[in-house]
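Here the structure is a predicted model, which is why all the values come from computation and not from measurement. All chains are named by letter (A, B, ...) in the order of the sequence lines, taking the proteins before the strands, and each is independently numbered beginning at 1.
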Amino acid sequence: MKTHDVKVFGYGEFAREIVQQVNEAYRSVSVYTLDEVSAEEVRKVGSEVHLFDLGDNWDEFKEICMEETLFICALDDDASNVFLAISLRDQFPDSRIIGIASTHEHASKLRLAGVHKVISKLQATADILIEVLEKPVVTHVVQDILDEETSLKTMQMVIEKESTLIGQKLDTVAHDAQESIIVLAVVDSKMDTHFVFTARGYRHQLEEGDILVIIGYDEELERFKRSVT
Amino acid sequence: MSEEPHHSSSYRKRYVGVFARLIVSFAYFLETFTLYQKTKKLFYNLLENQNYPYKRYFDIFMMVLIFSSVFILIREVRHTVNDFWAMFNDYIISVIFLMEYVLRFWVISDSSAIIIKQYEKDELLQREFRLGRAVFKALLVKWQFVTSLPAIIDLLAIMPFFHELRLLRLFILFRVFKIFRYTQNMQYFGKILSHKKFELLTLLTFASIVVFVSSILIYVMEANNPNSPINSLFDAFYWSIVTISTVGYGDVTPITQEGQSVAVLVIIAGVAVLSFATSIVVTAFTERMEEIRENKMLSDVKKLKHFYLICGYGDVAKQIASKLHRKGRNVVVLDTDEVRIAAAKENQLYALAMDPAALSTYQSIGVDLSQQASAVLLLRDSDVLNVYTALTIRHMTQTIKLLSILHDKGNRRKLQLSGVHNIVYAQEIVGILSREYSGKPIAFETMNLLRAENSSTDMIEIVVDELIAKGVACVGDLEVRKHRLILIGISKIDEEAFLFNPDKDVEVHKGDILVVVGEISMLNEFRLHIHKHKRSS
């Protein structure tokens with residue numbers, strides 16, 4: 001299910017950037033801070049803010065739809081961040097959680113605490129710098145894809161029950177669509193998070209629930225989506 | 001009658017004046033004669049300049065000659081060496097060594113420059129040019145070379161040329177000492193010991209006195225005893241040396257009680273001398289070890305043809321350096337913090353505890369950043385330091401690629417103004433990644449996997465070189481799908497634009513860059529294929 005509600009914990013320098021990036025993309029973005037000073041800062045930028053502590057009182061979250069909600073643990077203190085992640089996992093076993101890690105050690109503890117995706121500040125910065133050095137054109141392409149203002153995008157498309165793609169081989173779909181978009185990979189519905197890149201899994205027969213990862217310009221992506229549903 | 005001496009002295013003066021002018025003119029001629037200067041520079045580099053890239057080959061060549069010469073000497077002891085090898089050893093090698101000696105004598109100093117300097121100094125002070133003084137200064141430098149230990153060894157190594165003198169053949173062994181000239185490690189060894197010259201000399205004096213006194217004492221005690229093997233002063237001297245060195249062959253031993261008492265003293269002195277000598281050498285090495293390592297590091301960095309320069313060795317730098325190192329890239333780290341540099345060295349990086357923002361750092365390393373460095377990464381602890389370092393680099397070269405991390409969003413413009421090409425703001429990246437993951441987790445992981453280090457699938461860049469351009473006219477010729485690959489796009493060199501998902505008919509030119517996705521094994525095969533591909537009619 002699509003994410004509609006993002007809850008960001010913390011309002012340090014990394015959390016501020018996260019709030020700024022996700023603010024326009026989602027129906028509801030709320031910030032949870034540990035102190036009134038940070039809460040005041042959030043109010044100034046016009047975002048929804050709540051005060052919280054690391055106790056076990058999560059009553060206000062009991063009513064929300066976990067499938068539509070994403071928690072982002074971005075507290076400045078590593079120990080508190082891990083504690084927050086493990087508390088959320090304990091209270092809401094089905095929730096999706098992203099953790100922001102400052103070090104390798106912090107990242108592995110967040111993973112142990114049950115975080116789905118750990119974004120390491122160091123790792124991400126180092127990877128980008130190396131990519132700029134070693135693959136400048138690839139970096140350019142990836143930046144274009146990530147840049148909200150350019151129309152080149154990635155799209156993940158779940159194959160619905162009525163889709164015309166069901167029963168077709170991945171190679172055929174990729175070949176037919178080649179002129180407008182690039183079908184990069186597919187996630188097999190039976191194998192959950194196992195990626196099959198088009199190049200390798202060309203004989204894969206598409207089924208309901210498979211997810212296609214596609215790159216293309218906005219209009220072409222929409223046109224492709226319409227043509228197969 | 002009285003005018004004759006006056007005339008002869010004025011003639012002599014005039015002749016000397018003309019001769020001096022001729023010498024000065026000749027000196028100026030040599031100083032401005034480009035071919036002469038270039039040739040001299042070339043030989044200087046070959047013989048003396050440790051940083052000259054081709055010196056290594058010259059050194060290897062000379063070492064081969066030395067070892068072949070020694071090999072022939074050993075072979076000659078029990079076997080007959082054929083005429084060619086005998087001639088090679090006696091004449092060819094000796095002539096090469098003689099030429100080397102003469103060339104060293106030539107390049108070691110600039111005599112014409114010394115003469116000109118003296119001439120200009122005298123002119124400035126409006127006094128008569130003192131040719132004798134100038135020649136003396138020029139000869140003094142040459143004399144210092146001739147009397148230096150390496151030059152004496154060089155000269156002795158040429159001696160076997162006079163092979164008729166049988167004894168001179170043994171001078172071939174001096175050729176072995178020449179190895180010191182051609183191996184830097186040996187030179188370091190010599191330098192280290194030279195720092196302990198005083199201690200070693202003191203010890204040598206002590207040992208000499210002990211040998212001298214004990215030789216005389218043992219001679220006095222033993223020579224009159226008919227049963228004693230010590231019958232001459234030489235026997236006594238031989239016994240002293242063998243005993244003090246703690247070797248003690250036992251072929252010559254004192255038999256009188258007095259002689260044995262002397263032996264006890266010499267043995268104690270011998271143990272002391274040996275222990276002191278060992279401790280002096282060990283201390284010399286311990287004291288200089290860091291300096292040796294540093295010198296070795298500097299010399300290695302100078303020789304690197306391509307490297308990434310990392311300024312500052314914080315947490316991000318550690319990650320980047322270790323990833324680049326794993327990819328087989330050369331990484332040079334500069335940081336003022338000794339602890340961080342020690343950590344970088346532990347990670348097998350070229351690391352120097354020097355200030356990356358100081359021009360003198362690059363002068364003392366002796367690197368040409370514009371030629372040797374592929375890019376400079378500014379990863380210091382603050383934007384202030386990164387801006388300052390960027391300007392230092394820009395002062396040296398305008399062309400090098402500069403990348404920097406940004407600590408405070410408000411300083412982005414300052415880094416741009418200081419000439420940084422790519423600025424990475426960690427907070428922004430984390431924000432974008434969080435947004436992408438929250439919206440499209442599958443697409444996000446796909447892109448992540450393509451860029452991950454240990455994935456079997458990769459997204460690579462292939463630069464269209466001349467060979468590829470010869471065989472491939474358009475995208476269709478690449479046969480990408482046949483290789484089970486995906487062509488994401490082409491960066492066109494002539495249009496300076498990226499064509500996403502290009503049409504089959506789009507032309508491919510030299511310099512274009514293809515962005516291709518696929519399995520690493522297929523990508524390697526594809527690379528080979530497009531290099532061998534013949535253009536269809």
Side-chain angles (χ1 to χ4, degrees), chain A residues 3 6 13-14 16-22 25-26 70 72 98 100 103 117 119 121-138 140-142 144-146 152 154-156 174-175 178-182 184-185 187 193 195 197-200 202 211 213 215-217, chain B residues 308 315-320 323-324 327 329 374-375 377 379 401 403 405 421-422 424-447 449-451 457 459-461 481 483-489 491 498 500-501 503 513 515 517-519 522:
Chain A
T3 306
V6 177
E13 50 180 1
F14 281 87
R16 265 197 290 276
E17 278 295 327
I18 294 169
V19 173
Q20 199 180 319
Q21 291 289 341
V22 297
Y26 298 98
L70 177 79
I72 301 179
I98 295 180
I100 310 299
T103 60
K117 178 72 194 169
I119 297 174
K121 303 170 193 177
L122 289 178
Q123 187 88 30
T125 314
D127 286 350
I128 294 282
L129 279 165
I130 289 175
E131 208 167 72
V132 172
L133 287 175
E134 300 274 298
K135 299 178 184 174
V137 180
V138 168
H140 185 73
V141 176
V142 174
D144 265 3
I145 291 171
L146 294 179
L152 190 63
T154 54
M155 179 177 80
Q156 58 181 64
H175 185 259
Q178 187 70 28
E179 284 182 16
S180 53
I181 50 138
I182 291 175
L184 196 61
V187 177
T193 53
F195 291 93
F197 283 92
T198 316
R200 189 169 36 173
Y202 57 100
I211 303 168
V213 178
I215 307 177
Y217 290 105
Chain B
Y308 288 123
D315 292 334
V316 177
K318 271 182 204 161
Q319 291 265 337
I320 294 173
K323 284 188 179 201
L324 288 172
K327 279 172 175 263
R329 309 286 185 267
S374 310
L377 289 100
L379 309 175
K401 191 172 185 177
L403 291 89
I405 50 167
H421 293 107
N422 297 83
V424 173
Y425 185 47
Q427 289 84 331
E428 187 180 43
I429 291 168
V430 169
I432 292 170
L433 294 180
S434 305
R435 183 197 71 206
E436 284 297 302
Y437 181 79
S438 54
K440 299 172 272 187
I442 306 283
F444 176 87
E445 290 295 1
T446 310
M447 294 303 286
L449 206 63
L450 279 178
R451 297 150 76 195
T457 316
M459 174 149 49
I460 61 158
E461 293 175 8
R481 291 198 70 78
H483 287 87
R484 299 282 157 215
L485 300 171
I486 301 164
L487 178 68
I488 300 287
S491 175
F498 182 76
F500 169 73
N501 196 14
D503 210 46
I513 300 169
V515 177
V517 170
E519 286 218 26
M522 297 303 276

Portion of [X] that has a non-hydrogen atom of chain B nearer than 4.5 angstrom:
| X | result |
| --- | --- |
| A/I130 | side chain |
| A/I119 | side chain |
| A/I98 | side chain |
| A/V137 | both |
| A/E131 | side chain |

Discussion item. Testing the 3.5 Å rule here: is there a donor-acceptor pair between the side chains of A/E13 and B/Y425?
Written reply: no
Item to complete: Kindly compute the distance separating CG (B/L377) from CD1 (B/I405), expressed to the nearest 0.5 Å.
Response: 9.5 Å
Item to complete: Using the side-chain contact (heavy atoms from CB on, under 4.5 Å) rule, take A/L129 and B/V316 through it: C-alpha gap first, then chi angles, then the decisive distance, then the call.
Response: CA-CA 10 Å; A/L129 279 165; B/V316 177; 4.3 Å; yes
Worksheet entry | Expected output: side-chain B/E461 to main-chain A/V138 donor-acceptor under 3.5 Å |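 Flag set: sc B/E461 to bb A/V138 pair under 3.5 Å.
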Practice prompt. Tell me, with the steps shown, if A/L70 and A/V22 meet side-chain contact (heavy atoms from CB on, under 4.5 Å).
Written response: CA-CA 11 Å; A/L70 177 79; A/V22 297; over 6 Å; no
Discussion item. Among residues at least two apart in sequence or on other chains, which ones pass side-chain contact (heavy atoms from CB on, under 4.5 Å) with B/K318?
Written reply: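 Counting only residues at least two positions away or on another chain, B/K318 forms a side-chain contact (heavy atoms from CB on, under 4.5 Å) with B/Y313, B/D315.
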Item to complete: Determine the option with the most heavy-atom pairs under 4.5 angstrom with chain B, choosing from A/V141, A/I145, A/L133.
Response: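 Maximum pair count with chain B is reached by A/L133.
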Discussion item. Below 4.5 Å, heavy-atom pairs only: which of A/E134, A/K121, A/M155 has the largest tally toward chain B?
Written reply: A/E134
Item to complete: Apply the test side-chain contact (heavy atoms from CB on, under 4.5 Å) to residues B/V515 and A/K135: give CA-CA distance (whole Å), side-chain angles for both, the deciding distance (0.1 Å), then the verdict.
Response: CA-CA 9 Å; B/V515 177; A/K135 299 178 184 174; over 6 Å; no
Part of [X] within contact of chain A (heavy atom distance under 4.5 Å):
| X | answer |
| --- | --- |
| B/I432 | both |
| B/I488 | both |
| B/E436 | side chain |
| B/L433 | both |

Worksheet entry | Selection from B/F444, B/Y308, B/F500, B/F498 maximising heavy-atom pairs under 4.5 Å formed with chain A |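 Option with the greatest count: B/F500.
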Item to complete: Report the C-alpha distance between B/V430 and A/I18 in whole Å, list the side-chain angles of each, state the deciding distance to 0.1 Å, and finish with yes or no for side-chain contact (heavy atoms from CB on, under 4.5 Å).
Response: CA-CA 7 Å; B/V430 169; A/I18 294 169; 4.1 Å; yes
